[in-house]
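Only one structure is covered here, and it is reproduced in the block below.
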2 protein chains.
Amino acid sequence: MSRKKAQVELLQELEDAMRRSSAQGVLYGQTVANVAGIANSDLECMDILYLEGRVTAGRLAEVTGLTTGAITGVVDRLEKAGLVRRERDEKDRRKVFIAVVPDAAMKIGQFYVPMQQAMEKVFGGYSDEELRLLLRFANEGYKGVLAATEALKGLLDTPPEKRPALKLKTRPRQP
Amino acid sequence: MSRKKAQVELLQELEDAMRRSSAQGVLYGQTVANVAGIANSDLECMDILYLEGRVTAGRLAEVTGLTTGAITGVVDRLEKAGLVRRERDEKDRRKVFIAVVPDAAMKIGQFYVPMQQAMEKVFGGYSDEELRLLLRFANEGYKGVLAATEALKGLLDTPPEKRPALKLKTRPRQP
DNA sequence: GATATATATCTTAGTCACTAAGAGATTTAG
DNA sequence: CTAAATCTCTTAGTGACTAAGATATATATC
């Protein structure tokens, strides 16, 4: 045992707190989709487009885990709503780039204002050095979650009986 | 202007990094649901049950934003899968408590092991004091997101033309 | 250069989770 | 004791999703 009891508890608290805030983050997203009047996956794709810029339909399918057929539907709806445009790649005419229509970023962005304000308020309680620590953690956390997602996807290709037994460290929770 | 340019950039980076990792967190959840062979909302409810303990069907509807009818379906599926049990409240026989079946926590929990391992690895790079800072941030962040969600929900009840104009601070992103 | 294979998106048919509206059961208020 | 309120479930209908395959374009092989 290299960890003291207090630290194990700290880590458990941390895990729960992150899980809780992440769950609430999901709910915020659902609410945005509701208010904006678009489907959840549609908003998810808008978010990817915001973060990655112009991407192909296939990449959207890859990142969201949806089938290409489903993405066709997503893009159809977003295009009809005037939020994105299809742009055929002139180099490879099989590809279709999806690009956010300039004004659309703001139409959707406004619904993130309450979140930004709340976060600004929270960030206000931290020094620059502490904020840099949070940034470092956010970046490392992203990489960790990405890796974990890949690891978990790997299980999908493995038949259940051949899966390496996962040692479970969570204890059942008392309500 | 009370903030220096460097800090504004830091905050923007932080916002993007959090958005990115939170988006990846959503994807992790979707993958868990896939691997576990249950619907997304079903898993979301399992998560709420894990965090809140035994809750009523109505509370699940409230927290998830689904209708009570949808929750009936969720609970039906989870019950059939042997993950939860319906328990009528003896004090108020209209209410139905949903409780996680003891072993079920582990059945689902195993799919969070890759995530826990990834996070343990990340946490390993921080001192106890830094971890406490992260915990403080996670808790404050949760409260912030919760408040933001409520604020946004408020907009739903306000007719679009009567909504207080949200001042947009995001700048459109260059892809 | 012609043919075969690969890649990227779209189409179609069918499935399943969701909403809206209201029914049924129980509790609380007058 | 009746009326209103609360909580869950039921029903009918809608819409986003998958699987499979069609279409169009690109790349590889001979």
Side-chain angles (χ1 to χ4, degrees), chain A residues 26-27 29-31 33-46 48-49 54-81 83-99 153 156-157, chain B residues 26-27 29-49 54-81 83-99 153 156-157:
Chain A
V26 172
L27 286 170
Q30 287 177 0
T31 309
N34 257 321
V35 177
I38 64 179
N40 237 291
S41 302
D42 299 11
L43 179 64
E44 197 182 341
C45 286
M46 286 300 289
I48 293 164
L49 289 169
R54 201 177 80 140
V55 300
T56 64
R59 170 88 183 137
L60 282 182
E62 192 186 323
V63 176
T64 57
L66 296 178
T67 61
T68 59
I71 292 297
T72 299
V74 168
V75 176
D76 283 351
R77 290 190 298 271
L78 288 177
E79 202 170 35
K80 195 149 73 178
L83 296 173
V84 306
R85 256 198 339 243
R86 279 181 164 91
E87 296 175 355
R88 273 225 116 77
D89 185 354
E90 288 306 321
K91 311 274 181 185
D92 182 345
R93 302 191 43 75
R94 292 168 305 178
K95 289 187 188 167
V96 172
F97 280 106
I98 316 301
K153 272 188 188 160
L156 263 180
D157 307 325
Chain B
V26 171
L27 286 171
Q30 287 178 1
T31 309
V32 169
N34 258 321
V35 177
I38 63 178
N40 238 292
S41 303
D42 298 13
L43 179 64
E44 197 182 342
C45 285
M46 286 300 290
D47 217 48
I48 293 164
L49 289 170
R54 201 177 80 139
V55 300
T56 64
R59 170 88 183 137
L60 282 182
E62 191 186 325
V63 176
T64 58
L66 297 178
T67 60
T68 58
I71 292 297
T72 299
V74 168
V75 177
D76 283 351
R77 291 190 298 272
L78 288 177
E79 203 170 34
K80 194 149 75 179
L83 296 172
V84 305
R85 257 200 337 245
R86 279 181 165 91
E87 298 176 354
R88 275 225 116 78
D89 185 355
E90 288 307 321
K91 311 274 182 185
D92 182 344
R93 302 189 43 73
R94 291 168 306 180
K95 288 186 189 168
V96 173
F97 279 107
I98 317 299
K153 271 187 188 161
L156 263 179
D157 307 325

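Every chain is numbered from 1, with letters handed out A, B, ... down the list of sequences. Any value given below was found using the heavy atoms of this structure, including those in side chains, with hydrogens, waters and symmetry copies removed. Nothing here was measured: the structure is a model prediction, and the numbers come from that model.
Near DNA chain D, meaning a heavy atom under 4.0 Å from it, residues 84-95 of chain A has A:Lys91, A:Asp92, A:Arg93, A:Arg94 in order of number.
Considering every non-hydrogen atom in both A:Ile98 and A:Thr56, the closest pair reads CG1-C, 4.4 Å. Nearest heavy-atom pair, A:Arg93 versus A:Arg88, reported as atom, atom and distance to 0.1 Å: O-NE, 2.7 Å. Of all non-hydrogen atoms in B:Thr72 and B:Arg86, the two that sit nearest each other are O-NH2, 3.5 Å. Residue A:Val63 comes nearest to A:Ile48 through the heavy atom pair CG1-CD1, 3.6 Å, listed as atom of the first residue, atom of the second, then distance.
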Point to revise | Per-nucleotide protein contact string for nucleotides 15-20 of chain D, where B marks a base within reach and S marks sugar-phosphate only (heavy atoms under 4.0 Å, - for neither) | key: -SSB--

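At most 12 non-hydrogen atoms from other residues, nucleotides or ligands lie less than 6.0 angstrom from CZ of A:Arg85.
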**Study point:** Worked check of salt bridge (charged side-chain N to carboxylate O under 4.0 Å, His left out) between A:Lys91 and A:Asp89
**Key:** CA-CA 5 Å; A:Lys91 311 274 181 185; A:Asp89 185 354; over 6 Å; no

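Taking 4.5 Å as the limit, some side-chain heavy atom of A:Thr64 sits within range of a side-chain heavy atom of A:Cys45. The closest side-chain heavy-atom distance from B:Lys153 to A:Asn34 is not below 4.5 Å.
One can place CG of B:Asn40 at 11 Å from P of C:dA17, the figure rounded to the nearest angstrom. If you take CG of A:Leu60 and P of C:dC10, they are 11 Å apart, rounded to a whole angstrom. In this structure, A:Glu62 places its CD atom 11 Å from P of C:dT9, rounding to the nearest Å. The distance between atom CD1 of B:Ile71 and atom C1' of D:dT10, rounded to the nearest whole Å, is 16 Å. With rounding to whole Å, B:Asp76 atom CG is found 12 Å from C:dC18 atom P.
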